[in-house]
Amino acid sequence: LDRIMRSIGELDKMLKEFEEHNCSFKSATEPFDTTNATGKLFIYLVGALAQWEIELNSERIKMALNEKVSKGERIGMAPYPFDQLEDNTLVPNPERAKKTLMMIDKYEKGVAIQDIADFMQSIEETNKTWRATTILRILRNPALCGDSKWNDDIIKNTHEGIISRDRYKR
């Protein structure tokens, strides 16, 4: 049942649509039969338990990932000025950190974001295309000051930053 739908609301919608078309749900491998009241009760109970199990697993995964991030372990790719070590911690990459500091200096001097992107395009030795949105994403990332953003939370001091928290806030 948990493979058919993810919530009790979806189950209810499906069963009501079946009823509108004079159909019922019978499972060949499970004791589900919506042709009678007991069968309907049973399928709703199992559906509610399936939804609960999915939500419980989601909560457990979220807690485990939050724990990893709070201990400084990186989930996902390393932000531009950093390298990700084998233990998933972040360390500044000297060359990219230097270029990021140049971006920050230009930004603090009032240089337009597109001009910073053009500057990065001119000094970067890869085939990467630098866009204004890329620059903004780098400059807005709390990883610059040693914090990690996970979901909507900021977890402080998860790794070595390349600028102070005060400079990041500015």
How far apart are the closest heavy atoms of [X] and [Y], and which atoms are they?
X	Y	answer
Gly47	Ile8	C-CD1, 3.8 Å
Ser148	Thr158	OG-OG1, 2.6 Å
Ala117	Ala132	CB-N, 3.8 Å
Gln84	Met77	OE1-C, 3.7 Å

Decide yes or no for [X] and [Y]: does some side-chain heavy atom of the first lie under 4.5 Å from some side-chain heavy atom of the second?
X	Y	value
Tyr80	Arg137	no
Phe119	Ile123	yes
Asp147	Ile155	no
Val91	His159	no
Pro79	Leu90	yes
Phe18	Ser24	no
Asn93	Phe82	no
Lys106	Leu101	no

Heavy atoms from other residues, nucleotides or ligands near [atom1] of [X] exceed 12 (cutoff 6.0 Å):
X	atom1	answer
Arg165	CZ	yes
Glu17	CD	no
Glu160	CD	no
Tyr107	OH	no

Verify the cluster assignment for [X] and [Y]: are they in a single hydrophobic cluster under the rule of side-chain heavy atoms below 4.5 Å apart?
X	Y	answer
Leu49	Phe42	no
Leu45	Phe32	no
Trp52	Leu11	no

### Task
Please report the C-alpha distance between Glu108 and Arg167 in whole Å, then the side-chain angles of each, then the deciding distance to 0.1 Å, and finally whether the side-chain contact (heavy atoms from CB on, under 4.5 Å) criterion is met.
CA-CA 10 Å; Glu108 289 175 332; Arg167 188 173 186 194; 2.8 Å; yes

### Message
Any side-chain to backbone donor/acceptor pair from Gln121 onto Lys128? Under 3.5 Å, distance only.
### Response
yes

Atom pair [atom1]/[atom2] of [X] and [Y] - distance to nearest 0.5 Å:
X	Y	atom1	atom2	value
Cys23	Met14	SG	CE	11.0 Å
Leu15	Glu20	CG	CD	11.5 Å
Lys99	Ile104	NZ	CD1	14.5 Å
Leu65	Asn151	CG	CG	8.5 Å
Met103	Met120	CE	CE	4.0 Å
Leu144	Ile163	CG	CD1	5.0 Å

Any salt bridge between [X] and [Y], counting N to O under 4.0 Å?
X	Y	value
Arg96	Asp83	yes
Asp33	Lys40	no
Lys149	Asp153	no

### Message
Any donor-acceptor pair under 3.5 Å linking the side-chain atoms of Asp12 with those of Tyr44?
### Response
yes

### Query
With a 3.5 Å cut-off and no angle check, do the side chains of Thr89 and Asp87 form a donor-acceptor pair?
yes

### Task
Could you point out which residue of Ile135, Asp105, Ile138 forms a side-chain contact (heavy atoms from CB on, under 4.5 Å) with Thr100?
Ile138

### Query
Checking side-chain hydrogen bond (donor to acceptor under 3.5 Å, both in side chains) for the pair Trp130/Asp118: CA distance, chi angles, key distance, verdict?
CA-CA 7 Å; Trp130 285 88; Asp118 294 341; over 6 Å; no

